[in-house]
Structure formats: C-alpha cells, structure tokens
Amino acid sequence: MQVLAVLLCLSFPPSAAFYLHAGEREQKCLIEDVPGDTWVSGTFKIQQWDTGKLDFREPGPGLGMFVTVTTYNDEVLLSKLFGPEGTFYFTSYSPGEHIICLESNSTRFVSVGERRLRIHLDIRVGEHDLDAAIAQAKDKVNEVTFKLEHLMEQIEQILKEQDYQRDREEIFRITSEDTNSNVLWWAFAQTLIFISVGVFQMKYLKDFFIAKKLV
Amino acid sequence: MPLPGSAQRWAAAAGSWGCWLLALLLLLVTGPGGASEITFELPDNAKQCFYEDIAQGTKCTLEFQVITGGHYDVDCRLEDPDGKVLYKEMKKQYDSFTFTASKNGTYKFCFSNEFSTFTHKTVYFDFQVGEDPPLFPSENRVSALTQMESACVSIHEALKSVIDYQTHFRLREAQGRSRAEDLNTRVAYWSVGEALILLVVSIGQVFLLKSFFSDKRTTTTRVGS
C-alpha cells in the first residue's frame, strides 16, 4: 500500500512543465549556459495531434524523440533515441553553452498545419530530484537529512556558477580592453597615415608642376 | 498486547486510507507550483509559442530578457484561454509581468522576431506558476515545525533568491559581453577598412590631378601650332 502511494507520488512530476508545439520532424533546440561538472536533466513527453478527435492524444507506437546535446565547440555529449516519454541527463565537463536539441523520429515528412506534436518539457539544472527519497523517508531525521542534502546541492551549484561568472567577466574585461587599445592604436596610425600621405601628395605634385614648368 | 481481529482490520484500513490521502495531498501541494526557465534561439522572422495549464487563482509571473542579437529586443504577447490578450509589448529588451489566473485553462505566451530581417535573437524567459512546493509538507505533522526545520526553510528561501539574483546577473553580463564583442569586431574591420580607403583615395587624387594637367598640355600645344 505504501509502495503504491509512493508510486502515485512519483507519477506526477513535482514541478510545473510547459509545452510547445513542433512540426513532425522539426528540431527544437534550447540553450543551457552551465558551469563545469554540472548535472542537467530533462523530462519530456510527446503527444500527437489526432485529426479524427481534433485533440492531442498519446502517440502511436514507434514514435520516439531523438535527443542530442552538444557543447559550444560541437562536441557531442549525448545522442540517443528515446521513446515518446522519457528523462535524459548529462554532466557538463567544461563550462559553456550546451545546446539540447529535440527531434521526433516521425516517418511522416509532410507537416501540415493540423499535424503537429505537442512536447511537454521540464529541465532541471544542478539539482537531483530528491522528492522520491523524501517521500520514502521513515522518520523526521531522515527527512531533514534529505532536505539538507538538497540545500547543500543548491549551495554547491551557486558556488560553481560564481566561479564560472568570474571567468566570463574576465573575458568581458579583456575584450573591452582590446577594443580600447585597438581604438588608441588606430588613432595614432590614422594620424601617421594622414601626415605621410599629405607630405607625399605635396612633394609629388610639386615635382610634377616643376617638371611641367607651371611653377 | 495484540489487537483484537476487527480492530486490526480497522487499523490496516485506516493506515491505507492515510497513505492515499497523503499521496493525494502531496499531489495537490506539488502539482501547481514551480518555475520553468528556458534559453532558446529565435531565428529571424520567426515566432515561438509556449503553453501552460494553469488553475484559477494562481499567481503567475512571466519574466524575459533578450541576451544576444541585433538591438536586443523582441515582441512578447501573453493570452488567456479565451484568447484575450493580457500582456502585449513590442520591441522590449527585458520585462517582468505578474498576473493572477482568472480562469482555468491553457495560457499561451509567444515571442516574435518577425520585425527583424536577418538577426537571430537569443531569448531567456522564466515562467513562475504559483508558489514553489513547501520544503516540508505539513499534512502529517502533529506539531509545528521544529527549529531545525524552520532554519532549513529560511535557508532554502534565501538560496532561492540568491539563485534568482545570480541568474539575472549572468544574463546582464552575457548581454554586455555580446555587445562588447560586437564592438570589438566592428572597430577592427572599420579601422583596417578606413586605412585602406584613405590610401586608395589619396593616391587616386594625385594621379587624377596628373591626368588633368596632361590633357590641357596637349590641347594648348595643338591650338598654338
């Protein structure tokens, strides 16, 4: 009985998931900018449009979702075909933008306005889902222990994010300083070019006029 | 002392009902709350819509910010289940909108980059529905939260606001960095380009002047003879 109750809790995801519409073979990508060593997980569910009932229904057999995760320098972290409903997760090795792409493996190539897919999506960064463990906790001490673990994970995630922020701010500062020195050198170079070109023009024209006996 | 048979059966039934009640209450507590945040790329002339089922009376907040691309602005529109527009802004860089759901149903919000001809935009949005689930569900409590639990709750709230500020700071910094990198490339190209144009134009001027005087010379000699 208790097992059934726990299973009931697990079957309803605890955080609000939104959904978006996509074409049958359209690829939808989203970007997660995360520090290194961060655990990212995503839960998705596909529903297919039923032209008969004019509503979204559970998908037919064989429909799956192809999930690809690539880093900003095109290194593939995850490339796997899931069923119509599933959870994917990966750990980022280096900090940066990770691109999560979802594409259904539908065999229908023509995507008319009515034939669309509804994708429910929920992405979590840095936090493991401890609600299942908490629901199973036998007594208060265990429950508080699990909650403390959750808090510690949150704090670790904040620290990682701060370190990453420091690196990014340094890149920003270097770019700004490069721009500043570029502009400074260009101003000097431009003045030199002006002066030398002006001198060249006058000298050349003077020689030319003297040769042509106009001066 | 073991319980009599009927009392045992009653206790078992009550226990199982308690489990189901707990499960149901956990569902009610954890169901409507939560936040979804997503960063996605919006190509030029494109529109992307997101849908969410919201119960009546839930307080929701939609926050968005454009991180890279063009003039860092996007059109945003939020509609309730009947199609009534609750929020509509054109060419906004960042904004935050709070509303209370007046009816049950599917709310839709769309981001549009249709006014732009060739710039992709990266947009971040954060849609908070209801309150987050409480740290300690209090249905099976007979006493108030102990001191340790209430310390945990306040730490959790403080950490959530730290994460929120951190996200906003990260987005602002990404936007600033994107502008600085754009500026750097533009200055580099422009300085090289202008130096070349300067050289070409000044040398061209000299030779053009030369050619004027050469022509005049031949005409005067022809007239003279």
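Sequence lines set the chain letters: A, B, ... in the order given, protein chains first and strands last, and positions in each chain run from 1. For the numbers below, each heavy atom of this structure counts, side chains included, while hydrogens, waters and symmetry mates do not.
Among residues two or more places apart in sequence or in another chain, the side-chain contact (heavy atoms from CB on, under 4.5 Å) test is passed with Gln27(A) by Cys29(A), Cys101(A), Glu103(A).
For Ile123(A), the part lying near chain B is the side chain, with the backbone staying farther off; criterion is any non-hydrogen pair under 4.5 Å. Heavy atoms of Glu161(A) lying under 4.5 Å from chain B belong to its backbone as well as its side chain. Only the side chain of Tyr204(A) comes within contact range of chain B, judged by heavy atoms closer than 4.5 Å. Both the backbone and the side chain of Asp33(A) come within less than 4.5 Å of a heavy atom in chain B. Only the side chain of Leu205(A) has a heavy atom closer than 4.5 Å to any heavy atom of chain B. Contact annotation for Tyr165(B): neither backbone nor side-chain heavy atoms come within less than 4.5 Å of a heavy atom of chain A.
Listed for the Asn113(B) side chain is no donor-acceptor partner under 3.5 Å among the backbone atoms of Ala46(B). When atom types are taken as modelled, the side chain of Glu181(B) and the backbone of Thr175(A) share no donor-acceptor pair closer than 3.5 angstrom.
Contacts with chain A were tallied for Thr122(B), Ile163(B), Ile54(B); Ile163(B) has the most, counting heavy-atom pairs under 4.5 Å. For the options Ile100(A), Thr179(A), Asp178(A), Ile171(A), heavy-atom pairs under 4.5 Å to chain B are most numerous at Thr179(A). Between chain A and the residues Cys49(B), Gly176(B), Ala195(B), the largest count of heavy-atom pairs under 4.5 Å involves Gly176(B). Counting heavy-atom pairs closer than 4.5 Å to chain A, the top residue among Thr167(B), Leu198(B), Leu183(B) is Leu198(B). Heavy-atom pairs under 4.5 Å with chain B were tallied for Phe209(A), Phe208(A), Phe200(A); the largest tally goes to Phe208(A).
In this structure, Lys59(B) and Phe99(B) have side chains that are not in contact, with every pair of non-hydrogen atoms separated by 4.5 Å or more. The shortest distance between side-chain heavy atoms of Val67(A) and Met65(A) falls below 4.5 Å. Glu169(A) has its side chain within reach of Arg173(A): a pair of non-hydrogen atoms, C-beta onward, lies under 4.5 Å apart.
A donor and an acceptor atom, one from each side chain of Glu63(B) and His168(B), are located under 3.5 Å apart. Side-chain atoms of Glu37(B) and Tyr124(B) form a donor-acceptor pair, as typed in the model, at a separation below 3.5 Å. A donor atom on one side chain and an acceptor atom on the other are found under 3.5 Å apart for Gln48(B) and Lys28(A). Counting only N and O atoms by type, the side chains of Tyr72(B) and Ser178(B) include a donor and acceptor under 3.5 Å apart.
Among the residues in residues 85-99 of chain A, none has a non-hydrogen atom closer than 4.5 angstrom to a non-hydrogen atom of chain B.
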Run the side chain to side chain contact (heavy atoms under 4.5 Å, CB included) check on Gln154(A) and Met152(A) step by step: do they pass? CA-CA 5 Å; Gln154(A) 268 187 316; Met152(A) 281 192 47; over 6 Å; no
